[in-house]
Amino acid sequence: MKHGWGQTLIVFLIAVAMVLIQYAVTDYVGYRVCRERAHHISNATDADVCPAKKWCDAQDEVTKSTASWMQLVNLVYTLPGVVVLGVAGPFSDAFGRKPVLIIASTIQLLSTGVLLVTAIWDLPLYFIVIGYGIAGATGNYVVVLSVLFASAADLSLCTDDAVGALAKEANESDTHADDDQLLNLSNSDDSASAAADAASSARTTLVAFVEGGLYLGAALGAIVFGQLGHFIRSGCSHVIYFAVGAGLYAVALVAVYVVPETLTLGMRRKWPGWRHANLFAALAVLCQSRRLALLTVVFVTQCLTFFGYAAVAQLYTAASFGWGDADWGYFAGINAIASGVGMLLVVPLLQYRLKRGGSSAHTQDIVVLLLTLGFGCAQFSSYAVVPSTAGTAFFGIAGAGFIAAVQPPLIRSLISKQVPPDQLGTVFGAAATVEAVAQLVWPIATLQTYKSTVGTLPSAFYILGAVGSALSFGVVFTTMRKPSEVASPRMSTSIQADVPEERIDARAEEPTTALLGQSET
């Protein structure tokens with residue numbers, strides 16, 4: 001668990017369940033609407049409904065009604081999370097990561113249980129909305145994801161073997177001399193610099209592991225849905241979808257209990273009160289410094305690019321290449337797998353090669369981020385110029401995602417390095433809030449853009465994606481090259497957890513900005 005595999009496993013299981021349930025709910029709602037509205041059959045079995053979801057003359061009516069139900073479901077699932085994230089981050093900074101993870105994971109399991117009961121007892125479709133509303137009221141999966149990012153960042157503060165060995169020796173001897181040695185080590189420029197560099201490099205890798213688990217889990221969730229669909233078409237009930245999803249959430253909850261708490265008592269901050277634990281206070285964290293604000297702009301730009309692309313790409317490929325559901329499924333799967341592999345393998349390998357070449361952790365982050373932004377710009381530009389007769393080229397371009405799509409963990413990691421260690425939960429929650437807002441708003445704008453340009457330049461949204469990546473490249477290149485202006489996570493917080501409190505208080509008046517890893521801006 002020290003290396004973040006526990007956090008990666010949890011997010012992987014939750015991603016598989018989340019995507020499986022998401023597709024299953026859409027399929028189930030369509031089936032119920034088809035059965036009850038189009039065919040006026042209440043209390044019917046699957047065999048009473050037209051096979052293979054051939055909706056006969058009522059297809060348009062069923063499609064529109066299903067879309068309306070899903071809009072309501074997505075609203076109650078996503079909108080409350082924007083508010084909850086402002087509280088969950090500061091709460092995890094004050095009381096630990098596990099309490100938040102346990103509460104959120106339990107509610108996710110309860111929500112899936114409501115969906116399962118709805119399918120078993122054939123309850124009205126409003127119970128689907130209630131089930132999703134329960135999950136949305138606790139911030140849905142985004143809360144779990146943001147806290148897991150903070151948990152992975154916590155682990156990066158405890159990666160220096162020499163400091164760990166010295167702390168262990170001090171605890172075993174329990175002498176004031178060793179306490180002084182620990183504090184002197186924390187204030188030693190060379191030791192602090194080496195420890196901070198190791199922690200900074202480790203954080204990027206750990207955050208990439210967690211996000212890689214998310215992408216691979218999403219890909220597997222789509223595959224599991226497709227495979228279970230064979231059973232549905234053979235006459236099985238939709239209950240099987242929700243039963244498997246509930247089982248996955250249950251395993252994830254067990255994993256949450258097993259994985260140790262990463263935020264030690266010495267690393268926690270006092271509860272800031274509701275005045276500082278809300279949506280607006282969380283967003284204000286992202287504006288503490290100029291560098292942090294610019295990184296947030298880059299993060300928002302990449303979020304808008306991704307969500308806009310996700311909203312329109314399926315329509316574009318269907319209109320331009322005649323792709324069906326199977327073609328799009330294969331393409332989306334390749335994208336997700338390439339992204340996950342890039343985050344789990346490519347980021348650590350590139351960092352290792354740069355480290356071997358003598359580069360600092362900050363240089364590693366910036367070089368890899370610029371490389372991925374450059375590949376992202378090239379990828380979107382390539383999508384935009386593919387002719388309608390060469391749709392298969394999209395599959396090859398998607399494979400480049402193993403480098404082009406790994407910006408999110410790099411930017412998250414850089415954002416988290418601009419704040420003290422006791423604000424990691426808050427800043428990751430704030431970033432997730434921005435992401436959730438982008439997911440709510442931007443697909444609508446992108447769809448409108450596509451509708452306006454479909455007759456003249458249907459690939460306009462790909463061009464906008466390339467422009468966004470190019471602008472992000474320029475911002476990072478021109479403003480983030482000076483490592484002295486980016487705060488590095490320090491090891492001292494975890495070290496001081498092993499030092500008696502009165503020994504730390506005696507030095508309270510000494511400068512602590514560098515020790516705590518605060519931004520210099």
Side-chain angles (χ1 to χ4, degrees), residues 12 15-16 18-19 22-23 208 211-227 301-347 349-350 368-411 439 442-443 446-447 450 457-470 472-473:
F12 175 80
V16 176
M18 175 192 67
V19 172
Q22 177 184 345
Y23 289 155
E211 192 135 12
L214 173 69
Y215 276 79
L216 290 181
L220 182 58
I223 294 171
V224 171
F225 172 77
Q227 294 303 309
T301 302
Q302 294 310 300
C303 287
L304 296 179
T305 299
F306 173 79
F307 291 125
Y309 157 80
V312 179
Q314 187 172 3
L315 298 174
Y316 175 80
T317 53
S320 299
F321 311 129
W323 281 9
D325 291 342
D327 297 313
W328 173 254
Y330 288 130
F331 175 74
I334 290 174
N335 253 328
I337 292 173
S339 300
V341 170
M343 293 170 190
L344 288 172
L345 297 178
V346 174
V347 171
L349 286 174
L350 287 175
V368 176
L369 179 56
L370 289 174
L371 179 65
T372 61
L373 289 171
F375 265 82
C377 182
Q379 187 183 43
F380 279 116
S381 299
S382 300
Y383 281 140
V385 298
V386 170
S388 59
T389 56
T392 53
F394 260 51
F395 290 94
I397 299 172
F402 76 95
I403 293 180
V406 299
Q407 304 105 326
L410 295 167
I411 303 173
Q439 189 175 4
W442 196 246
T446 308
L447 283 167
Y450 179 69
L457 187 62
S459 61
F461 69 98
Y462 280 123
I463 297 174
L464 289 176
V467 171
S469 295
S472 297
F473 184 100

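Since the model is a prediction, treat every value here as computed from it, not as a measurement.
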- State the CZ-CG distance between Phe331 and Asn335, to the nearest 0.5 angstrom. 4.5 Å
- In Å and rounded to the nearest 0.5 Å, what is the CG to OG distance from Leu216 to Ser339? 9.0 Å
- Task: Nearest 0.5 Å please: distance from the OG atom of Ser382 over to the CZ atom of Phe394.
- Result: 9.5 Å
- Looking only at heavy atoms, which two atoms of Ala219 and Ala336 are closest? And how far apart? CB-CB, 3.7 Å
- Task: State, yes or no, whether a side-chain contact exists between Phe225 and Val19 at a heavy-atom distance under 4.5 Å.
- Result: no
- Could you check Leu457 against Ile463 for side-chain contact (heavy atoms from CB on, under 4.5 Å), going step by step and ending with a plain yes or no? CA-CA 10 Å; Leu457 187 62; Ile463 297 174; 3.8 Å; yes
- Item | Closest contact, heavy atoms only, Cys377 versus Ala470 | SG-CB, 4.1 Å
- Distance (rounded to the nearest 0.5 Å) between Leu410 CG and Leu373 CG: 8.5 Å
- Minimum heavy-atom separation for Ala338 to Ala398, with atom names? CB-O, 3.9 Å
- Task: Return yes if some donor-acceptor pair links the side-chain N/O of Gln407 with the main-chain N/O of Gln302 below 3.5 Å, else return no.
- Result: no
- side-chain contact (heavy atoms from CB on, under 4.5 Å) between Phe12 and Leu214, worked out: CA-CA 5 Å; Phe12 175 80; Leu214 173 69; over 6 Å; no
- Task: Can you spot which of Tyr316, Phe380, Phe306 makes a ring pair (Phe, Tyr, Trp, His ring centres under 6.0 Å) with Phe461?
- Result: Tyr316
- Message: If we ignore hydrogens and angles and just use 3.5 Å, is the side chain of Thr372 paired with the main-chain N or O of Leu369 as donor and acceptor?
- Response: yes
- Is the closest side-chain heavy-atom distance between Thr305 and Leu464 below 4.5 Å? no
- Query: Hey, does Tyr383 have a side-chain heavy atom less than 4.5 Å from the side chain of Ser459?
  - Reply: no
- Message: Do Val346 and Val406 have side chains that approach each other closer than 4.5 Å (heavy atoms only, starting at C-beta)?
- Response: no
- Leu344 and Gly212: which non-hydrogen atoms are nearest, and at how many Å? CG-CA, 4.2 Å
- Task: Could you pull out the closest heavy-atom pair between Pro408 and Glu211, with the gap in Å?
- Result: CB-OE2, 3.3 Å
- Item | Reported OH-to-CD1 distance for the pair Tyr215 and Ile337, which is rounded to 0.5 angstrom | 13.5 Å
- The reported gap from OH in Tyr462 to CD1 in Ile397 (rounded to nearest 0.5 angstrom) is 8.5 Å
- Considering all heavy atoms of both residues, which atom of Gly374 and which atom of Phe473 are nearest to each other, and what is their separation? N-CD1, 4.0 Å
